[in-house]
Novice: 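Take this structure, written in C-alpha coordinates, and hold onto it; I'll ask about it next.
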There are 2 protein chains.
Amino acid sequence: MLKYQQIAFEIEKYIEDNSLQQGEKLPVLETLMKQFEVSKSTITKSLELLEKKGVVFQVRGSGIFVRRHKRKGYMSLLSNQGFKSDLEDFHVSSKVIELELRKPTQEAANNLNLTLDDDVYYVKRVRYINGQTLCFEESYYNKSIVTYLNEEIVSESIFHYIREGLGLKVGFSDIFLHVDKLNKEEAEYLGLEAGAPKLYVETIFHLTNGSPFDFSKVTYNYQQSQFFIQATNHLL
Amino acid sequence: MLKYQQIAFEIEKYIEDNSLQQGEKLPVLETLMKQFEVSKSTITKSLELLEKKGVVFQVRGSGIFVRRHKRKGYMSLLSNQGFKSDLEDFHVSSKVIELELRKPTQEAANNLNLTLDDDVYYVKRVRYINGQTLCFEESYYNKSIVTYLNEEIVSESIFHYIREGLGLKVGFSDIFLHVDKLNKEEAEYLGLEAGAPKLYVETIFHLTNGSPFDFSKVTYNYQQSQFFIQATNHLL
DNA sequence: CATTATAATTATACCGGTACAATATTTCAA
DNA sequence: TTGAAATATTGTACCGGTATAATTATAATG
(Lines give C-alpha, C1' and ligand atoms only; values in the text may rest on other atoms or scores of the structure.)
Protein backbone atom coordinates (compact mmCIF):
# COMPACT_ATOMS: atom_id res chain seq x y z
CA MET A 1 0.00 0.00 0.00
CA LEU A 2 1.24 3.47 -0.86
CA LYS A 3 2.27 5.90 1.84
CA TYR A 4 -0.46 8.41 1.20
CA GLN A 5 -3.12 5.70 1.19
CA GLN A 6 -1.81 4.25 4.42
CA ILE A 7 -1.84 7.66 6.06
CA ALA A 8 -5.33 8.43 4.79
CA PHE A 9 -6.43 5.13 6.22
CA GLU A 10 -4.91 5.91 9.61
CA ILE A 11 -6.40 9.38 9.76
CA GLU A 12 -9.82 8.00 8.95
CA LYS A 13 -9.37 5.34 11.58
CA TYR A 14 -8.37 8.01 14.07
CA ILE A 15 -11.58 9.89 13.34
CA GLU A 16 -13.70 6.79 13.77
CA ASP A 17 -11.93 5.54 16.89
CA ASN A 18 -12.25 8.87 18.63
CA SER A 19 -15.66 9.39 17.04
CA LEU A 20 -14.88 12.96 16.09
CA GLN A 21 -17.95 14.91 15.13
CA GLN A 22 -18.73 17.13 12.18
CA GLY A 23 -16.67 20.30 12.26
CA GLU A 24 -14.07 19.05 14.71
CA LYS A 25 -10.56 20.07 13.88
CA LEU A 26 -7.74 17.72 13.02
CA PRO A 27 -4.07 18.45 13.68
CA VAL A 28 -2.56 20.95 11.28
CA LEU A 29 -0.54 19.91 8.24
CA GLU A 30 2.84 20.45 9.83
CA THR A 31 1.92 18.35 12.83
CA LEU A 32 0.75 15.56 10.54
CA MET A 33 3.96 15.83 8.51
CA LYS A 34 6.07 15.31 11.59
CA GLN A 35 3.81 12.69 13.04
CA PHE A 36 3.92 10.51 9.93
CA GLU A 37 7.44 11.57 8.96
CA VAL A 38 6.60 12.37 5.37
CA SER A 39 6.76 15.45 3.20
CA LYS A 40 4.02 18.02 2.98
CA SER A 41 2.91 16.88 -0.45
CA THR A 42 2.30 13.37 0.77
CA ILE A 43 0.08 14.54 3.61
CA THR A 44 -1.68 16.80 1.16
CA LYS A 45 -2.32 13.83 -1.08
CA SER A 46 -3.75 11.84 1.80
CA LEU A 47 -6.08 14.67 2.67
CA GLU A 48 -7.18 15.07 -0.92
CA LEU A 49 -8.13 11.43 -0.89
CA LEU A 50 -10.10 11.84 2.31
CA GLU A 51 -11.73 14.93 0.87
CA LYS A 52 -12.87 12.97 -2.19
CA LYS A 53 -14.26 10.29 0.06
CA GLY A 54 -16.15 12.95 1.96
CA VAL A 55 -14.37 12.29 5.24
CA VAL A 56 -12.84 15.72 5.77
CA PHE A 57 -12.84 19.21 4.31
CA GLN A 58 -10.04 21.70 4.35
CA VAL A 59 -10.20 25.45 4.79
CA ARG A 60 -7.24 27.53 3.82
CA GLY A 61 -6.02 29.66 6.66
CA SER A 62 -8.11 27.72 9.11
CA GLY A 63 -7.55 23.99 9.24
CA ILE A 64 -8.71 20.51 8.45
CA PHE A 65 -12.15 19.48 9.67
CA VAL A 66 -14.29 16.41 9.93
CA ARG A 67 -17.15 16.17 7.48
CA ARG A 68 -19.86 13.85 8.59
CA HIS A 69 -23.10 13.13 6.87
CA LYS A 70 -24.40 9.85 8.09
CA ARG A 71 -28.06 9.40 8.19
CA LYS A 72 -28.90 5.90 9.17
CA GLY A 73 -30.42 3.61 6.62
CA TYR A 74 -29.04 5.43 3.60
CA MET A 75 -26.60 3.72 1.30
CA SER A 76 -24.09 5.26 -1.04
CA LEU A 77 -25.02 5.48 -4.69
CA LEU A 78 -21.43 5.88 -5.73
CA SER A 79 -19.83 2.74 -4.39
CA ASN A 80 -18.57 1.42 -7.68
CA GLN A 81 -18.02 -1.89 -6.08
CA GLY A 82 -21.42 -3.39 -6.33
CA PHE A 83 -22.71 -3.14 -2.79
CA LYS A 84 -21.22 -5.45 -0.31
CA SER A 85 -18.68 -3.00 1.10
CA ASP A 86 -21.30 -0.34 1.75
CA LEU A 87 -23.80 -2.59 3.20
CA GLU A 88 -21.67 -4.62 5.51
CA ASP A 89 -23.91 -3.48 8.30
CA PHE A 90 -26.99 -4.39 6.35
CA HIS A 91 -27.31 -8.04 5.42
CA VAL A 92 -27.47 -8.31 1.66
CA SER A 93 -28.05 -11.64 0.01
CA SER A 94 -28.78 -12.65 -3.54
CA LYS A 95 -30.95 -15.14 -5.35
CA VAL A 96 -29.63 -16.02 -8.78
CA ILE A 97 -32.42 -16.27 -11.35
CA GLU A 98 -30.21 -16.86 -14.32
CA LEU A 99 -26.53 -17.17 -15.20
CA GLU A 100 -25.60 -17.80 -18.79
CA LEU A 101 -22.85 -17.24 -21.33
CA ARG A 102 -24.54 -15.68 -24.34
CA LYS A 103 -24.46 -12.98 -26.99
CA PRO A 104 -25.17 -9.42 -25.87
CA THR A 105 -28.29 -7.48 -26.65
CA GLN A 106 -27.77 -4.50 -28.91
CA GLU A 107 -28.05 -2.26 -25.88
CA ALA A 108 -25.45 -4.21 -23.90
CA ALA A 109 -23.13 -4.35 -26.90
CA ASN A 110 -23.34 -0.58 -27.28
CA ASN A 111 -22.56 0.10 -23.67
CA LEU A 112 -19.72 -2.39 -23.49
CA ASN A 113 -18.19 -1.50 -26.85
CA LEU A 114 -18.82 -5.00 -28.17
CA THR A 115 -20.20 -6.48 -31.34
CA LEU A 116 -23.20 -8.80 -31.31
CA ASP A 117 -20.77 -11.68 -31.91
CA ASP A 118 -18.79 -11.20 -28.72
CA ASP A 119 -19.53 -13.18 -25.60
CA VAL A 120 -20.97 -11.88 -22.37
CA TYR A 121 -21.98 -13.40 -19.09
CA TYR A 122 -25.57 -12.55 -18.39
CA VAL A 123 -26.59 -12.49 -14.75
CA LYS A 124 -30.08 -11.98 -13.41
CA ARG A 125 -30.52 -11.69 -9.69
CA VAL A 126 -32.84 -10.52 -6.98
CA ARG A 127 -31.12 -9.05 -3.97
CA TYR A 128 -32.44 -8.94 -0.45
CA ILE A 129 -31.71 -6.71 2.48
CA ASN A 130 -32.72 -7.81 5.95
CA GLY A 131 -35.15 -10.25 4.45
CA GLN A 132 -36.87 -7.68 2.19
CA THR A 133 -36.41 -7.42 -1.57
CA LEU A 134 -33.93 -4.68 -2.34
CA CYS A 135 -33.58 -4.80 -6.09
CA PHE A 136 -33.89 -6.74 -9.29
CA GLU A 137 -30.77 -6.74 -11.39
CA GLU A 138 -29.63 -7.72 -14.87
CA SER A 139 -25.93 -7.52 -15.70
CA TYR A 140 -23.78 -8.14 -18.74
CA TYR A 141 -20.09 -8.85 -18.24
CA ASN A 142 -17.62 -8.70 -21.11
CA LYS A 143 -16.36 -12.28 -21.28
CA SER A 144 -12.96 -11.27 -22.64
CA ILE A 145 -12.34 -9.35 -19.41
CA VAL A 146 -14.40 -11.22 -16.86
CA THR A 147 -13.27 -14.59 -18.16
CA TYR A 148 -15.18 -16.82 -15.81
CA LEU A 149 -18.23 -16.77 -13.57
CA ASN A 150 -20.13 -19.48 -11.83
CA GLU A 151 -23.19 -19.85 -9.66
CA GLU A 152 -21.23 -19.60 -6.44
CA ILE A 153 -19.39 -16.40 -7.35
CA VAL A 154 -22.57 -14.83 -8.62
CA SER A 155 -24.50 -15.56 -5.46
CA GLU A 156 -21.80 -13.80 -3.46
CA SER A 157 -20.07 -10.55 -4.35
CA ILE A 158 -19.15 -10.49 -8.02
CA PHE A 159 -17.03 -7.39 -7.58
CA HIS A 160 -15.02 -8.93 -4.81
CA TYR A 161 -14.21 -11.80 -7.16
CA ILE A 162 -13.37 -9.42 -9.99
CA ARG A 163 -10.90 -7.54 -7.85
CA GLU A 164 -9.42 -10.31 -5.74
CA GLY A 165 -9.95 -13.37 -7.85
CA LEU A 166 -9.21 -11.91 -11.27
CA GLY A 167 -6.91 -9.12 -10.13
CA LEU A 168 -8.74 -6.51 -12.16
CA LYS A 169 -8.66 -2.87 -11.15
CA VAL A 170 -12.02 -1.14 -11.16
CA GLY A 171 -11.83 2.51 -12.16
CA PHE A 172 -14.71 4.81 -12.95
CA SER A 173 -18.35 4.28 -13.74
CA ASP A 174 -21.12 6.13 -15.52
CA ILE A 175 -24.48 6.00 -13.81
CA PHE A 176 -27.83 6.85 -15.34
CA LEU A 177 -31.00 6.85 -13.36
CA HIS A 178 -34.62 7.70 -13.54
CA VAL A 179 -37.88 7.01 -11.79
CA ASP A 180 -40.76 5.13 -13.29
CA LYS A 181 -43.51 2.66 -12.59
CA LEU A 182 -42.81 -1.04 -12.09
CA ASN A 183 -43.73 -3.30 -14.95
CA LYS A 184 -45.24 -6.70 -14.33
CA GLU A 185 -42.00 -8.71 -14.31
CA GLU A 186 -40.22 -6.31 -12.00
CA ALA A 187 -43.16 -6.15 -9.65
CA GLU A 188 -43.24 -9.92 -9.54
CA TYR A 189 -39.60 -10.22 -8.55
CA LEU A 190 -39.77 -7.45 -5.99
CA GLY A 191 -43.02 -8.61 -4.45
CA LEU A 192 -44.74 -5.32 -5.21
CA GLU A 193 -47.63 -4.30 -7.38
CA ALA A 194 -47.19 -3.33 -11.01
CA GLY A 195 -47.39 0.43 -11.33
CA ALA A 196 -45.68 1.08 -8.01
CA PRO A 197 -42.72 3.48 -8.12
CA LYS A 198 -39.26 2.26 -8.94
CA LEU A 199 -35.78 3.68 -9.06
CA TYR A 200 -34.11 2.43 -12.19
CA VAL A 201 -30.33 2.66 -12.42
CA GLU A 202 -28.07 1.76 -15.32
CA THR A 203 -24.36 1.62 -14.66
CA ILE A 204 -21.41 1.10 -16.94
CA PHE A 205 -18.37 0.01 -14.96
CA HIS A 206 -14.90 0.55 -16.38
CA LEU A 207 -11.47 -0.74 -15.47
CA THR A 208 -8.81 1.82 -14.61
CA ASN A 209 -7.60 1.52 -18.19
CA GLY A 210 -11.00 2.69 -19.42
CA SER A 211 -12.40 -0.62 -20.70
CA PRO A 212 -16.07 -1.07 -19.88
CA PHE A 213 -16.53 -4.53 -18.46
CA ASP A 214 -19.97 -4.49 -16.83
CA PHE A 215 -23.27 -3.04 -17.94
CA SER A 216 -25.94 -3.45 -15.34
CA LYS A 217 -29.60 -2.48 -15.07
CA VAL A 218 -31.04 -2.36 -11.59
CA THR A 219 -34.57 -1.78 -10.45
CA TYR A 220 -34.91 -0.84 -6.80
CA ASN A 221 -37.74 -1.49 -4.42
CA TYR A 222 -38.75 2.05 -3.57
CA GLN A 223 -39.49 1.11 0.01
CA GLN A 224 -35.94 -0.06 0.60
CA SER A 225 -33.89 2.38 -1.35
CA GLN A 226 -32.62 5.45 0.38
CA PHE A 227 -29.39 6.77 -1.02
CA PHE A 228 -26.91 9.45 -0.22
CA ILE A 229 -24.27 11.16 -2.28
CA GLN A 230 -21.51 13.41 -1.14
CA ALA A 231 -20.70 16.00 -3.74
CA THR A 232 -17.75 18.32 -3.84
CA ASN A 233 -17.54 21.42 -5.89
CA HIS A 234 -14.95 21.16 -8.62
CA LEU A 235 -15.64 24.71 -9.60
CA LEU A 236 -14.47 26.53 -12.67
CA MET B 1 -7.99 32.44 -12.21
CA LEU B 2 -5.27 30.04 -11.13
CA LYS B 3 -2.91 28.53 -13.64
CA TYR B 4 -4.08 24.97 -13.24
CA GLN B 5 -7.71 26.00 -13.56
CA GLN B 6 -6.98 28.01 -16.66
CA ILE B 7 -5.14 25.08 -18.21
CA ALA B 8 -7.90 22.65 -17.29
CA PHE B 9 -10.35 25.00 -18.90
CA GLU B 10 -8.32 25.19 -22.09
CA ILE B 11 -7.85 21.45 -22.31
CA GLU B 12 -11.56 20.92 -21.89
CA LYS B 13 -12.24 23.53 -24.53
CA TYR B 14 -9.80 21.79 -26.82
CA ILE B 15 -11.70 18.54 -26.40
CA GLU B 16 -15.02 20.20 -27.11
CA ASP B 17 -13.82 22.25 -30.05
CA ASN B 18 -12.25 19.25 -31.74
CA SER B 19 -15.10 17.07 -30.50
CA LEU B 20 -12.75 14.33 -29.39
CA GLN B 21 -14.51 11.08 -28.72
CA GLN B 22 -14.38 8.66 -25.81
CA GLY B 23 -11.02 6.95 -25.61
CA GLU B 24 -9.17 9.41 -27.81
CA LYS B 25 -5.71 10.24 -26.59
CA LEU B 26 -4.54 13.65 -25.52
CA PRO B 27 -0.95 14.88 -25.79
CA VAL B 28 1.36 13.39 -23.19
CA LEU B 29 2.27 15.18 -19.98
CA GLU B 30 5.61 16.43 -21.20
CA THR B 31 4.08 17.91 -24.32
CA LEU B 32 1.45 19.68 -22.23
CA MET B 33 4.16 20.94 -19.87
CA LYS B 34 6.02 22.55 -22.71
CA GLN B 35 2.91 23.77 -24.46
CA PHE B 36 1.61 25.60 -21.40
CA GLU B 37 5.08 26.38 -20.05
CA VAL B 38 4.39 25.16 -16.55
CA SER B 39 5.83 22.49 -14.31
CA LYS B 40 4.73 18.91 -14.31
CA SER B 41 2.87 19.24 -11.03
CA THR B 42 0.72 22.03 -12.40
CA ILE B 43 -0.32 20.01 -15.42
CA THR B 44 -0.96 17.09 -13.13
CA LYS B 45 -3.22 19.27 -11.02
CA SER B 46 -5.15 20.38 -14.09
CA LEU B 47 -5.66 16.79 -15.13
CA GLU B 48 -6.76 15.78 -11.66
CA LEU B 49 -9.38 18.46 -11.87
CA LEU B 50 -10.56 17.23 -15.24
CA GLU B 51 -10.59 13.69 -13.91
CA LYS B 52 -12.84 14.73 -11.03
CA LYS B 53 -15.14 16.45 -13.47
CA GLY B 54 -15.26 13.25 -15.49
CA VAL B 55 -13.72 14.81 -18.58
CA VAL B 56 -10.65 12.62 -18.86
CA PHE B 57 -9.06 9.54 -17.33
CA GLN B 58 -5.40 8.78 -17.04
CA VAL B 59 -3.62 5.47 -17.41
CA ARG B 60 -0.13 5.10 -16.12
CA GLY B 61 2.28 4.00 -18.79
CA SER B 62 -0.26 4.70 -21.46
CA GLY B 63 -1.62 8.20 -21.61
CA ILE B 64 -4.45 10.62 -21.00
CA PHE B 65 -7.79 9.83 -22.59
CA VAL B 66 -11.15 11.44 -23.13
CA ARG B 67 -13.96 10.13 -21.02
CA ARG B 68 -17.34 10.84 -22.44
CA HIS B 69 -20.64 9.83 -21.05
CA LYS B 70 -23.28 12.09 -22.49
CA ARG B 71 -26.61 10.62 -23.06
CA LYS B 72 -28.96 13.26 -24.24
CA GLY B 73 -31.67 14.43 -21.91
CA TYR B 74 -29.89 13.43 -18.73
CA MET B 75 -28.87 16.05 -16.24
CA SER B 76 -26.20 15.90 -13.60
CA LEU B 77 -27.27 15.13 -10.07
CA LEU B 78 -24.09 16.53 -8.62
CA SER B 79 -24.16 20.09 -9.88
CA ASN B 80 -24.06 21.80 -6.53
CA GLN B 81 -25.04 24.98 -8.19
CA GLY B 82 -28.72 24.61 -8.33
CA PHE B 83 -29.35 23.79 -11.98
CA LYS B 84 -28.95 26.58 -14.38
CA SER B 85 -25.39 25.80 -15.40
CA ASP B 86 -26.25 22.20 -16.24
CA LEU B 87 -29.37 22.94 -18.03
CA GLU B 88 -28.31 25.84 -20.14
CA ASP B 89 -29.34 23.81 -23.13
CA PHE B 90 -32.68 23.03 -21.58
CA HIS B 91 -34.85 26.00 -20.79
CA VAL B 92 -35.53 26.05 -17.09
CA SER B 93 -37.86 28.61 -15.62
CA SER B 94 -39.37 29.04 -12.18
CA LYS B 95 -42.66 30.07 -10.69
CA VAL B 96 -42.32 31.41 -7.17
CA ILE B 97 -45.12 30.19 -4.94
CA GLU B 98 -43.84 31.72 -1.76
CA LEU B 99 -40.91 33.77 -0.50
CA GLU B 100 -40.80 34.69 3.15
CA LEU B 101 -38.43 35.52 5.97
CA ARG B 102 -39.44 33.25 8.84
CA LYS B 103 -38.32 30.89 11.58
CA PRO B 104 -37.06 27.47 10.49
CA THR B 105 -38.86 24.22 11.00
CA GLN B 106 -37.19 21.83 13.39
CA GLU B 107 -35.99 19.81 10.42
CA ALA B 108 -34.51 22.84 8.68
CA ALA B 109 -32.89 24.03 11.88
CA ASN B 110 -31.25 20.65 12.36
CA ASN B 111 -29.85 20.53 8.88
CA LEU B 112 -28.62 24.11 8.93
CA ASN B 113 -27.22 24.01 12.46
CA LEU B 114 -29.62 26.70 13.60
CA THR B 115 -31.90 27.23 16.55
CA LEU B 116 -35.62 27.76 16.14
CA ASP B 117 -35.01 31.45 16.90
CA ASP B 118 -32.74 32.09 13.96
CA ASP B 119 -34.02 33.54 10.70
CA VAL B 120 -34.28 31.77 7.38
CA TYR B 121 -35.55 32.66 3.96
CA TYR B 122 -38.15 30.17 2.91
CA VAL B 123 -38.60 29.70 -0.81
CA LYS B 124 -41.23 27.57 -2.48
CA ARG B 125 -41.06 27.18 -6.24
CA VAL B 126 -42.20 25.09 -9.13
CA ARG B 127 -39.65 24.73 -11.88
CA TYR B 128 -40.37 24.08 -15.52
CA ILE B 129 -38.31 22.59 -18.28
CA ASN B 130 -39.35 23.12 -21.87
CA GLY B 131 -42.83 23.98 -20.72
CA GLN B 132 -43.26 20.87 -18.59
CA THR B 133 -43.15 20.77 -14.80
CA LEU B 134 -39.73 19.60 -13.67
CA CYS B 135 -39.90 19.80 -9.90
CA PHE B 136 -41.47 21.23 -6.83
CA GLU B 137 -39.02 22.73 -4.41
CA GLU B 138 -38.88 24.04 -0.86
CA SER B 139 -35.68 25.67 0.37
CA TYR B 140 -34.46 27.21 3.59
CA TYR B 141 -31.57 29.66 3.47
CA ASN B 142 -29.67 30.69 6.58
CA LYS B 143 -30.40 34.42 6.78
CA SER B 144 -27.11 35.20 8.52
CA ILE B 145 -25.27 33.91 5.44
CA VAL B 146 -27.69 34.58 2.63
CA THR B 147 -28.54 38.02 3.93
CA TYR B 148 -31.03 39.08 1.32
CA LEU B 149 -33.38 37.57 -1.22
CA ASN B 150 -36.20 39.06 -3.25
CA GLU B 151 -38.77 37.89 -5.74
CA GLU B 152 -36.61 38.73 -8.73
CA ILE B 153 -33.54 36.85 -7.53
CA VAL B 154 -35.63 33.86 -6.55
CA SER B 155 -37.32 33.63 -9.91
CA GLU B 156 -33.90 33.48 -11.57
CA SER B 157 -30.92 31.50 -10.38
CA ILE B 158 -30.50 31.80 -6.64
CA PHE B 159 -27.07 30.19 -6.76
CA HIS B 160 -25.80 32.59 -9.34
CA TYR B 161 -26.77 35.41 -7.03
CA ILE B 162 -25.19 33.70 -4.05
CA ARG B 163 -21.90 33.35 -5.85
CA GLU B 164 -21.75 36.52 -7.88
CA GLY B 165 -23.97 38.87 -5.94
CA LEU B 166 -22.97 37.89 -2.43
CA GLY B 167 -19.48 36.64 -3.23
CA LEU B 168 -19.99 33.41 -1.31
CA LYS B 169 -18.02 30.33 -2.18
CA VAL B 170 -20.06 27.17 -2.48
CA GLY B 171 -18.21 24.06 -1.36
CA PHE B 172 -19.61 20.60 -0.79
CA SER B 173 -23.10 19.24 -0.40
CA ASP B 174 -24.76 16.23 1.13
CA ILE B 175 -27.53 14.70 -0.93
CA PHE B 176 -30.18 12.25 0.26
CA LEU B 177 -32.68 10.74 -2.06
CA HIS B 178 -35.42 8.21 -2.25
CA VAL B 179 -38.36 7.24 -4.36
CA ASP B 180 -41.95 7.39 -3.24
CA LYS B 181 -45.47 8.20 -4.30
CA LEU B 182 -46.64 11.77 -4.82
CA ASN B 183 -48.88 13.21 -2.14
CA LYS B 184 -51.77 15.43 -3.03
CA GLU B 185 -49.98 18.78 -2.76
CA GLU B 186 -47.00 17.64 -4.80
CA ALA B 187 -49.21 16.11 -7.44
CA GLU B 188 -51.14 19.35 -7.68
CA TYR B 189 -48.04 21.44 -8.27
CA LEU B 190 -46.54 19.02 -10.76
CA GLY B 191 -49.74 18.46 -12.66
CA LEU B 192 -49.70 14.74 -12.00
CA GLU B 193 -51.92 12.35 -10.11
CA ALA B 194 -51.42 11.63 -6.44
CA GLY B 195 -49.79 8.25 -6.04
CA ALA B 196 -47.63 8.62 -9.13
CA PRO B 197 -43.91 8.02 -8.64
CA LYS B 198 -41.60 10.77 -7.47
CA LEU B 199 -37.93 11.26 -6.92
CA TYR B 200 -37.44 13.08 -3.67
CA VAL B 201 -34.09 14.75 -3.03
CA GLU B 202 -32.90 16.58 0.05
CA THR B 203 -29.70 18.54 -0.21
CA ILE B 204 -27.65 20.40 2.35
CA PHE B 205 -25.36 22.91 0.67
CA HIS B 206 -22.25 24.13 2.45
CA LEU B 207 -19.83 26.97 1.87
CA THR B 208 -16.18 26.08 1.38
CA ASN B 209 -15.67 26.85 5.07
CA GLY B 210 -18.15 24.13 5.96
CA SER B 211 -21.14 26.26 6.98
CA PRO B 212 -24.44 24.85 5.77
CA PHE B 213 -26.40 27.69 4.20
CA ASP B 214 -29.18 25.99 2.21
CA PHE B 215 -31.40 23.05 3.02
CA SER B 216 -33.64 22.14 0.14
CA LYS B 217 -36.29 19.50 -0.49
CA VAL B 218 -37.09 18.78 -4.09
CA THR B 219 -39.74 16.55 -5.59
CA TYR B 220 -39.17 15.67 -9.24
CA ASN B 221 -41.68 14.92 -11.93
CA TYR B 222 -40.69 11.34 -12.77
CA GLN B 223 -41.41 11.90 -16.44
CA GLN B 224 -38.87 14.69 -16.69
CA SER B 225 -36.10 13.54 -14.43
CA GLN B 226 -33.31 11.55 -15.93
CA PHE B 227 -30.03 11.95 -14.14
CA PHE B 228 -26.48 10.88 -14.59
CA ILE B 229 -23.56 10.66 -12.21
CA GLN B 230 -19.95 10.09 -13.00
CA ALA B 231 -18.25 8.17 -10.25
CA THR B 232 -14.57 7.62 -9.76
CA ASN B 233 -13.09 4.96 -7.61
CA HIS B 234 -11.28 6.39 -4.63
CA LEU B 235 -10.24 2.94 -3.62
CA LEU B 236 -8.91 1.82 -0.28
C1' DC C 1 -15.15 49.20 23.88
C1' DA C 2 -15.52 48.72 19.28
C1' DT C 3 -13.07 49.16 15.15
C1' DT C 4 -9.03 49.02 12.48
C1' DA C 5 -4.53 47.85 11.36
C1' DT C 6 -0.90 44.36 11.99
C1' DA C 7 0.97 40.01 12.60
C1' DA C 8 0.76 34.97 12.96
C1' DT C 9 -1.31 30.78 11.41
C1' DT C 10 -2.53 27.63 7.94
C1' DA C 11 -3.68 25.50 3.63
C1' DT C 12 -2.73 25.92 -1.35
C1' DA C 13 -0.19 27.07 -5.72
C1' DC C 14 3.68 26.29 -8.12
C1' DC C 15 8.48 25.02 -9.02
C1' DG C 16 11.95 21.33 -10.13
C1' DG C 17 13.76 17.25 -9.11
C1' DT C 18 14.46 11.61 -8.51
C1' DA C 19 12.59 7.17 -8.46
C1' DC C 20 9.36 3.91 -9.82
C1' DA C 21 5.28 1.19 -11.66
C1' DA C 22 2.33 0.18 -15.42
C1' DT C 23 1.93 -0.09 -20.13
C1' DA C 24 3.49 -0.10 -24.96
C1' DT C 25 6.99 -1.10 -28.35
C1' DT C 26 10.82 -3.23 -30.19
C1' DT C 27 14.17 -6.85 -30.46
C1' DC C 28 15.51 -11.31 -30.63
C1' DA C 29 15.25 -16.27 -30.26
C1' DA C 30 12.96 -20.49 -31.41
C1' DT D 1 5.20 -16.43 -37.05
C1' DT D 2 5.00 -16.67 -32.38
C1' DG D 3 6.34 -15.62 -27.86
C1' DA D 4 9.35 -14.07 -24.66
C1' DA D 5 12.75 -10.74 -23.19
C1' DA D 6 14.63 -6.26 -23.27
C1' DT D 7 13.78 -1.37 -23.86
C1' DA D 8 11.27 2.87 -24.20
C1' DT D 9 7.31 5.51 -22.95
C1' DT D 10 4.36 7.58 -19.73
C1' DG D 11 1.89 8.71 -15.61
C1' DT D 12 2.36 8.61 -10.40
C1' DA D 13 4.69 8.79 -5.79
C1' DC D 14 7.39 11.28 -3.06
C1' DC D 15 10.84 14.70 -1.74
C1' DG D 16 11.87 19.61 -0.41
C1' DG D 17 11.55 24.06 -1.34
C1' DT D 18 9.38 29.29 -2.00
C1' DA D 19 5.54 32.22 -2.39
C1' DT D 20 0.86 33.46 -1.58
C1' DA D 21 -4.17 33.67 -0.24
C1' DA D 22 -7.54 33.05 3.30
C1' DT D 23 -8.36 33.05 7.89
C1' DT D 24 -7.62 33.87 12.81
C1' DA D 25 -5.36 36.10 16.58
C1' DT D 26 -3.16 40.09 18.39
C1' DA D 27 -2.06 44.79 18.89
C1' DA D 28 -3.02 49.53 18.10
C1' DT D 29 -6.03 53.26 17.73
C1' DG D 30 -9.82 56.36 18.26
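No hydrogens, no waters, no symmetry mates; every other heavy atom, side chains included, goes into these values. Reminder, nothing fancy here: chain letters follow the sequence lines and each chain counts from 1.
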Novice: Given atom CG of B:Leu47 and atom P of D:dG11, what is their separation to the nearest angstrom?
Specialist: 8 Å

Novice: Between D:dT9 atom P and B:Phe65 atom CZ, what is the distance in whole Å?
Specialist: 16 Å

Novice: Ignoring backbone atoms, test whether B:Thr42 places a side-chain nitrogen or oxygen under 4.0 Å from the OP1 or OP2 oxygen of C:dA13.
Specialist: no

Novice: Over how many whole Å does the gap from B:Leu32 atom CG to C:dC14 atom C1' extend?
Specialist: 17 Å

Novice: Between B:His206 and B:Phe172, what is the ring plane arrangement, given parallel below 30°, perpendicular above 60°, and tilted in between?
Specialist: parallel

Novice: Could I get the full list of salt bridge (Lys or Arg N to Asp or Glu O under 4.0 Å) partners for A:Asp214, not counting sequence neighbours?
Specialist: none

Novice: Is any side-chain heavy atom of A:Leu50 closer than 4.5 Å to one of A:Glu12?
Specialist: yes

Novice: Excluding sequence neighbours, so at least two apart, what forms side-chain hydrogen bond (donor to acceptor under 3.5 Å, both in side chains) with A:Ser41?
Specialist: A:Ser39

Novice: How long is the line joining NZ of B:Lys34 and C1' of D:dT10, in whole Å?
Specialist: 13 Å

Novice: In chain order, what residues pass the side-chain hydrogen bond (donor to acceptor under 3.5 Å, both in side chains) check against B:Tyr200, with sequence neighbours excluded?
Specialist: B:Glu202

Novice: By nearest heavy atom, map A:Asn209 and B:Lys45 onto DNA chain C; which one lands nearer the 5' end?
Specialist: B:Lys45

Novice: Using atom OH of B:Tyr4 as one end and atom P of C:dA13 as the other, report the distance to the nearest whole Å.
Specialist: 4 Å

Novice: For B:Arg68, enumerate each residue passing the salt bridge (Lys or Arg N to Asp or Glu O under 4.0 Å) test, keeping only those at least two apart in sequence or located in another chain.
Specialist: none

Novice: Specify the separation, in whole Å, of atom NZ of A:Lys3 and atom P of D:dC14.
Specialist: 6 Å

Novice: Going by the rule side-chain hydrogen bond (donor to acceptor under 3.5 Å, both in side chains), which residues pair with B:Thr105 if we only count those two or more places apart in sequence or in a different chain?
Specialist: none

Novice: Round to a whole Å and report the spacing from CG of B:Leu49 to P of C:dA13.
Specialist: 10 Å

Novice: Could you state the CD-C1' distance from A:Glu37 to D:dC14, rounded to the nearest angstrom?
Specialist: 15 Å

Novice: What nucleotide among D:dC15, C:dC15, C:dA22 has an atom nearest to a side-chain atom of A:Val38?
Specialist: D:dC15

Novice: For each nucleotide in nucleotides 3-11 of chain C, reading 5' to 3', give B when a protein heavy atom comes within less than 4.0 Å of its base, S when such contact involves only the sugar-phosphate, and - otherwise.
Specialist: ------BBB

Novice: By nearest heavy atom, map B:Glu51 and B:Lys169 onto DNA chain D; which one lands nearer the 5' end?
Specialist: B:Glu51

